[in-house]
Protein chains: 4
Amino acid sequence: MHFFSDNATPVCPQVMAAIAGADHADHGYDGDRWSARIDGAFSDLFETPVSALWVASGTAANSIALACLCQPYGGIICHEEAHIVVDECGAPGFFTHGASLMPLPGAGAKLTPDVVTDRLATIRPDVHQVPGQAISITNATEYGLTYSPDDVAALGEIARRHGIALHMDGARFANAVAFADCAPADITWRAGVDALSFGCVKNGGMIGEALLFFGPEREHLAALAARWRKRSGHLFSKGRYLAAQILALIEDGLWLDNARAANAAAQALAQGAETRLLHRVEANELFIRLSAAEAKALRDQGFDFYDWGEGAARLVTNWSQDAGSVAPLAAALRALDHG
Amino acid sequence: MHFFSDNATPVCPQVMAAIAGADHADHGYDGDRWSARIDGAFSDLFETPVSALWVASGTAANSIALACLCQPYGGIICHEEAHIVVDECGAPGFFTHGASLMPLPGAGAKLTPDVVTDRLATIRPDVHQVPGQAISITNATEYGLTYSPDDVAALGEIARRHGIALHMDGARFANAVAFADCAPADITWRAGVDALSFGCVKNGGMIGEALLFFGPEREHLAALAARWRKRSGHLFSKGRYLAAQILALIEDGLWLDNARAANAAAQALAQGAETRLLHRVEANELFIRLSAAEAKALRDQGFDFYDWGEGAARLVTNWSQDAGSVAPLAAALRALDHG
Amino acid sequence: MHFFSDNATPVCPQVMAAIAGADHADHGYDGDRWSARIDGAFSDLFETPVSALWVASGTAANSIALACLCQPYGGIICHEEAHIVVDECGAPGFFTHGASLMPLPGAGAKLTPDVVTDRLATIRPDVHQVPGQAISITNATEYGLTYSPDDVAALGEIARRHGIALHMDGARFANAVAFADCAPADITWRAGVDALSFGCVKNGGMIGEALLFFGPEREHLAALAARWRKRSGHLFSKGRYLAAQILALIEDGLWLDNARAANAAAQALAQGAETRLLHRVEANELFIRLSAAEAKALRDQGFDFYDWGEGAARLVTNWSQDAGSVAPLAAALRALDHG
Amino acid sequence: MHFFSDNATPVCPQVMAAIAGADHADHGYDGDRWSARIDGAFSDLFETPVSALWVASGTAANSIALACLCQPYGGIICHEEAHIVVDECGAPGFFTHGASLMPLPGAGAKLTPDVVTDRLATIRPDVHQVPGQAISITNATEYGLTYSPDDVAALGEIARRHGIALHMDGARFANAVAFADCAPADITWRAGVDALSFGCVKNGGMIGEALLFFGPEREHLAALAARWRKRSGHLFSKGRYLAAQILALIEDGLWLDNARAANAAAQALAQGAETRLLHRVEANELFIRLSAAEAKALRDQGFDFYDWGEGAARLVTNWSQDAGSVAPLAAALRALDHG
C-alpha cells in the first residue's frame with residue numbers, strides 16, 4: 001500500500017464517468033455547456049456569486065490569483081515553507097512579473113496574525129520598498145494543519161485593515177473543510193478570502209484545478225484572470241473535459257465525501273502513530289518520527305511512503321482509502337512501539 | 001453536421017481507452033511510466049533523439065518553444081496572421097519576457113524565403129534595434145496550406161545562415177505530414193526545424209500537446225523548457241493521463257490515420273466547392289466564398305460552420321469524418337452552383 | 001559643421017549654469033528642493049495640474065508611460081517607424097511585461113485617424129486577441145513632421161471613444177509646439193493626451209527627460225510611474241541635477257527659444273534644398289534626396305550628416321544654430337542644383 | 001553639519017570640471033570619445049580586461065548585473081538586509097524577469113560562507129525548486145562593514161564549486177578598497193567576482209554608476225548587459241557626460257582619495273563614539289546607540305543625521321570631509337558620555 005502522494009492516486013470513478021459523459025461535440029475553449037455551469041455550481045456551493053476558471057495545475061491557479069491581486073512591484077506575505085515558495089520554480093515571480101515573495105516563519109507552515117502584522121509594520125510606504133499587497137495562506141497547510149474559520153478571519157481582518165488581498169491555496173481545501181466541518185463560505189469569503197485555488201486533482205480528479213473569485217465586486221479580477229489564463233496557455237482547447245470533472249466533484253458533494261474518507265484514513269494512522277507525530281493531523285497528511293530501521297520494517301511489510309529528511313517520514317492518504325483500508329498500516333505503526 | 005472546429009470534436013476511442021488504461025497509481029508529475037516513454041516514442045517517429053514535453057495547449061507549446069529560442073530583447077519572424085500573433089492574447093510576449101513579434105505578409109498565411117530575407121536585412125546589428133532570433137511558421141497554416149519539406153528547408157537555410165532558430169507550430173502537423181506524404185523527419189529537423197509544437201488535441205486527443213526538441217544538441221533547450229513548463233504551471237500533477245494520450249496517438253500510427261481521414265474529408269468538400277475556394281486545400285480546412293443566402297441554405301440542411309467575414313465561410317473537417325461521411329455537404333456545396 | 005543629431009550637441013549655457021547652481025547638499029533621490037518644483041513649473045506651463053517625473057532617457061519616459069497606460073496583455077497602436085518600434089531594443093515590451101506593439105503605416109511616420117480606427121475595428125473583444133489599450137504618437141515625428149492640435153484631437157477622440165489612452169512621445173515636443181505656435185496645453189491634454197514624454201536632452205539639456213501626466217485624475221498613474229521609475233533604476237541618487245536642468249529649460253521659456261532656433265535653421269536649409277525634400281520640414285529635421293557625389297561634395301566643404309539609405313540623407317539642426325549660422329549649408333545645397 | 005547620506009553631497013570639483021570638459025559635440029549614446037576610454041581605464045585599474053557600462057543608478061547596475069548572471073527561474077543568494085532586498089522596490093525581480101531573491105541572515109549585513117553553503121544545500125536539483133544561480137554581496141555592506149579579499153575569496157570559492165556567479169554591489173566599493181588597502185583586483189576578480197557595480201555618485205560623482213564585467217571570458221555577459229541597458233532606458237543620449245565623470249574619478253586615483261577622506265572622517269567619529277557603536281566602522285557609515293535626548297542635544301549643536309529606529313542613529317561621512325572637518329561632531333559625541 002502506497003502513501004506517497006495524493007497525486008499518485010487514480011481518478012475516482014464518478015470523475016471518470018463524467019469525462020466520458022462530456023465526450024460530445026461542443027464549442028471549444030470554455031464555450032461549452034459544462035464550462036457554462038461551473039460558475040453556478042460554485043456559487044451554490046459557496047452561497048455567493050463566484051467567478052470560476054479551470055486551469056492545468058495548482059501552480060497555475062495560485063500564480064494567476066496572485067497576478068490578479070498583487071502588482072509587479074508589490075509583495076506577497078506567505079509562509080517560508082509554502083508551496084508557492086518552495087515547490088513552484090518561481091512561478092509566482094513569472095506570473096506577477098517580478099513581485100516579491102515575503103516568507104515568514106511559523107509552526108506547521110501556518111501563518112499567525114502576529115507575525116504577519118509585524119512584517120507589514122516593517123515596510124516603509126515610500127517607493128524604495130516593496131509594499132505588501134497580498135497575503136497567501138495554504139489550507140490545509142503543507143504540514144497537514146488547517147486554518148479554522150476563525151484563523152482565516154484573523155488574517156482577513158489584517159488584510160482588510162491594510163487594504164491588501166487574501167489568497168488561499170486550497171490544493172487540499174476539501175480536507176480543510178472536512179476537518180473544520182463548516183460551510184465553505186465560512187472559511188473563505190466570509191473570513192475575508194478574495195481568491196481561492198480550489199484543488200481537485202489530489203481529491204479524485206484527473207486534470208484541472210479551479211480558481212475562484214468571490215462576489216460580484218471581484219468579477220473584474222476574474223476577467224483579468226481570464227486574460228492571464230489565455231496568455232499563459234491554460235485555456236484548453238477542449239475545456240469541457242475539465243469542467244465536467246469539476247462539476248462531478250462539487251455538484252453532489254463528492255468532493256467532501258472524498259476528503260472525509262482521506263481524513264478518516266489519516267486519523268486512523270495518527271492513532272497508530274500517536275507517539276511519533278511531528279505535527280497535529282488535521283487533514284490527510286502525517287509527518288512522523290521514523291528511524292531508518294523502522295522505515296525498512298514498514299516497507300518490508302509492503303507499505304511505502306517518502307522519507308522526510310533524516311529520521312522522519314511523510315504519509316499521505318487519499319480519497320480511495322478510509323479508516324478500514326489503512327488499518328493494516330495503523331497496526332504496523334502501533335506495533336513499532338509495542339511490538 | 002458541424003464543421004466549426006477540430007477542437008469541437010469528441011476524443012477518438014483509442015485515446016479514451018488509453019486514458020482509462022493509465023488509471024493506475026504511479027508517481028506524480030512526469031515521473032510515471034507513460035511519461036517515461038514519450039521521448040523514445042517520438043525519437044522512433046522522427047528517427048533522431050527527441051526530447052518531448054507535454055503541456056496544456058498549443059499556445060503553451062508555442063510560447064515555451066519561443067522562450068527557449070529567443071532572448072527577451074530579440075524578435076520572432078512570423079506571418080501576420082499566425083496563431084501566435086492573432087489568437088494567443090500576447091502569450092509569446094509573456095513567456096519570452098517581452099520579445100517582439102515581427103509579422104510579415106504572405107498568401108495563405110505562408111512565409112516565403114524572400115520576405116523573410118528582406119526583413120532580416122532591414123535590421124541593424126546595433127543595440128538600438130531588436131535582432132531577429134527565431135523564425136516561426138505554422139504547418140499546416142492557419143488557412144489550411146502546407147509547407148512542403150522543400151519549403152521548410154528553404155527557411156531552415158535562412159535560419160542557419162543568420163544563426164537563428166526555426167520553430168514550427170504544428171497544431172495541424174499531422175495534416176501537413178499526411179498531405180506531404182513524407183517522413184516526419186523530412187519536414188522538420190532534416191529541414192532545419194529546432195523545435196516543433198506537435199498537435200494532438202485537434203487530431204483526436206482530449207488534453208495535452210507535445211513540444212519537441214530535435215537531436216542531442218538541443219537537449220539543453222529541452223531542459224530549459226522543462227523549467228519554463230514548471231514555472232508556467234504546465235507540469236500537471238497527474239501527467240500520466242497526458243502521456244498516455246500522446247502514446248496512443250503516435251505509437252501505432254493513429255495520428256496519421258486520423259489526419260488522413262480529416263484531409264480526405266476536406267478534399268471531398270473541396271471538390272464540391274471547387275469554384276469557390278479562397279485557398280488551396282492541403283489539410284483539413286476550407287475557406288470558401290459563400291453568400292449569406294447560400295450559407296443559410298446550407299444551414300437549413302443541417303450543416304453548420306463559422307462565417308469568415310462577409311461572403312465567406314470556414315469549414316473544418318476532423319478525424320471522425322472521411323470522404324464518405326461528408327459527402328452530403330459536398331453534394332450540397334455542388335448543388336449551390338448547379339442546383 | 002555637423003548635422004548628425006541633436007544628441008551630439010553640447011549643453012546650452014543656461015542649463016550648464018543651472019547644474020552648477022544645484023551643486024549644494026540636499027536630500028537624495030527626488031527629495032530635494034529642485035525636484036519639488038518641477039510639478040509646479042510644468043503645471044504653470046500646461047495650465048493644469050501636472051505630475052512630472054525625471055528619468056534618464058526618452059526610451060525610459062516612453063516605456064514607463066506605456067507601462068502605466070497598457071496592461072501586459074494589451075496592445076499599443078503606433079506607427080511602424082516610431083522610435084518605440086525601431087529604436088528602443090524592445091524597451092516597451094520590457095516595461096509593459098510583454099504588451100504588443102501594433103505598428104501601422106502612414107506617410108512621414110504620422111498616424112491618421114482612419115488607419116487607427118480601421119485597426120481597432122479588426123480586434124475581437126474575446127480573450128484570444130490582444131486588445132488595443134493605448135495609442136502612441138511621436139510629435140514631432142521621426143521624419144520631422146508634426147501633429148497639429150487638431151491632428152492630435154482627432155486621435156484623442158478615437159481614444160476616448162474606445163476607452164483607451166493616448167501617449168505622446170515628445171522627444172522633439174518643443175519643436176512641434178514652436179511650429180504649431182500654440183499653447184502646450186492645446187496640443188496635449190486639451191486634445192486628449194494622457195501622458196507626454198517631454199524631451200529635454202535634444203533641446204539643450206545634458207541628462208534627463210521628463211514624463212508628464214495631466215490632470216488630477218491621472219495622479220494615480222503618476223504614482224504608478226514612480227514605482228516603475230524606481231524598479232527600473234531611474235530614481236537617480238542625486239536627482240537635483242536633473243530637476244535643475246528641466247527647470248532651467250521650462251521656467252523662462254528657454255525650451256521654446258531653443259526649439260525656435262533649431263526650427264529656423266531647418267527652414268533655412270529647407271529653402272536651400274527645396275527641390276530635394278523627401279518630407280515637409282516642420283521641425284528640426286530634413287530628409288533630402290542626395291546622390292553619393294552630392295554628399296561627397298558637401299562633405300568636402302566641411303558639412304557632415306548621416307546618409308539615409310541610398311541616395312538620401314538626414315540633416316538635423318539644433319538649439320545652437322539658427323538661420324544665419326546654417327546659411328553656408330543652405331547655400332551649398334542650393335548650389336548643388338544651380339551651381 | 002549634515003551626515004544624512006553620501007547622496008546628499010555636492011559633486012567633487014574635479015568631476016564638475018570633467019563634465020565641463022566634455023561639453024563638446026560628439027556622437028550620441030556611447031559612441032563618443034569619453035565612453036570609448038572607460039573600458040581601458042577600468043582595465044588599467046583592475047589589471048585585467050574589463051568591459052564597463054555606465055548606467056543611471058546603483059539599482060540599475062545591480063539589476064542588470066543580476067539579469068546577466070541569473071536566469072528568470074533562478075535564485076540569488078543575498079543578505080536579508082541587502083540593498084537589492086530592501087531598497088530597490090523589486091528591481092531585481094523586474095530586470096531578471098522574476099528570479100527569486102534568497103535572503104539570509106548575518107551580522108552587519110555580511111554573508112558568511114557557512115550560511116551560504118547551508119542554504120545552497122537545501123535546494124533539490126529538480127524542476128520544482130528554484131536553483132541558486134548567483135551570490136550577491138555588498139562591499140562595503142549596508143552597515144559599513146567590509147569584506148576583505150579573503151572574505152570575498154571564500155564566497156568566490158563556494159560560487160565556483162557550485163558553478164554559480166558572484167556579484168558585488170560596490171555602491172561604496174571605494175570605501176571598502178580604501179579600508180582593505182588592497183589592489184582592486186584582489187577584492188574582486190582574483191577573489192572570484194564576476195561582475196561589480198562600481199559606485200561613483202556617493203563618492204563625488206553627479207550622475208552615473210559603472211557596471212563592470214571582468215576578463216575576456218565575460219565579454220559575452222557585457223554584450224548581454226548592453227542589450228539590457230538599452231531596453232531598460234539606461235543608454236543615455238549624451239553618454240559622454242557620464243563617461244567623463246567616471247574617467248575623472250578613476251584615471252588619477254581621485255576615487256580612492258575621496259574614499260580615504262570619508263573613511264578617515266568616519267574613524268574620527270568612531271573614536272568619539274566608541275562606547276556606542278552598534279557595528280564596527282570599516283567604511284564611511286556609523287550606526288550608534290543614541291537616545292532621543294542625546295539626538296536632540298546634537299541637533300541643537302547643528303549636527304543632523306537620520307534616526308535609525310528607536311534609540312539609534314546613522315551617520316554617513318563623505319568625500320568632502322575628513323578627520324579634521326568632523327572633529328566638532330566627534331567631540332560632541334564624546335561629550336555625551338563625559339560631558
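- Interatomic distance, CD1 of B:I207 versus CG of A:L242, reported as 4.0 Å (0.5 Å rounding).
- Only the side chain of A:M16 comes within contact range of chain B, with at least one heavy atom under 4.5 Å from a heavy atom of that chain.
- Scanning both residues, B:S237 and A:N7, for their nearest heavy atoms gives CB-OD1, 3.3 Å.
- The minimum heavy-atom distance linking A:T9 with B:Y241 is given by the pair O-OH, 4.4 Å.
- Between the A:K230 side chain and the B:G90 main chain, no donor and acceptor come within less than 3.5 Å of each other.
- Under the rule for a salt bridge (Lys or Arg N to Asp or Glu O under 4.0 Å), the partners of B:R37 that lie at least two apart in sequence or sit in another chain are B:E251.
- In this structure, CZ in A:F94 is found 7.5 Å from CH2 in B:W228, a value given to the nearest 0.5 Å.
- Both the backbone and the side chain of A:H234 come within contact range of chain B, with heavy atoms under 4.5 Å apart.
- Between chain B and the residues A:D6, A:V11, A:I19, the most heavy-atom pairs under 4.5 angstrom are made by A:V11.
- Among all heavy-atom pairs drawn from A:A25 and B:P10, the shortest one is N-CG, 3.8 Å.
- Within the 4.5 angstrom heavy-atom criterion, only backbone atoms of A:D26 (N, CA, C, O) approach chain B.
- Proximity to chain B is absent for every atom of A:N62, based on heavy atoms less than 4.5 angstrom apart.
- When B:D32, B:T59, B:I64, B:L235 are compared by the number of non-hydrogen pairs under 4.5 Å with chain A, B:T59 comes out ahead.
- With a threshold of 4.5 angstrom between heavy atoms, A:S5 does not approach chain B through any atom at all.
- The two residues B:S57 and A:G233 make their nearest non-hydrogen contact at OG-O, 2.6 Å.
- Atom CZ of A:R231 is separated from atom CZ of B:F95 by 9.0 Å, given to the nearest 0.5 angstrom.
- Judged by distance alone, the side chain of A:S232 and the main-chain N or O of B:S232 form no donor-acceptor pair under 3.5 Å.
- A distance-only check finds a donor-acceptor pair linking the side chain of B:K238 to the backbone of A:G205 [under 3.5 Å].
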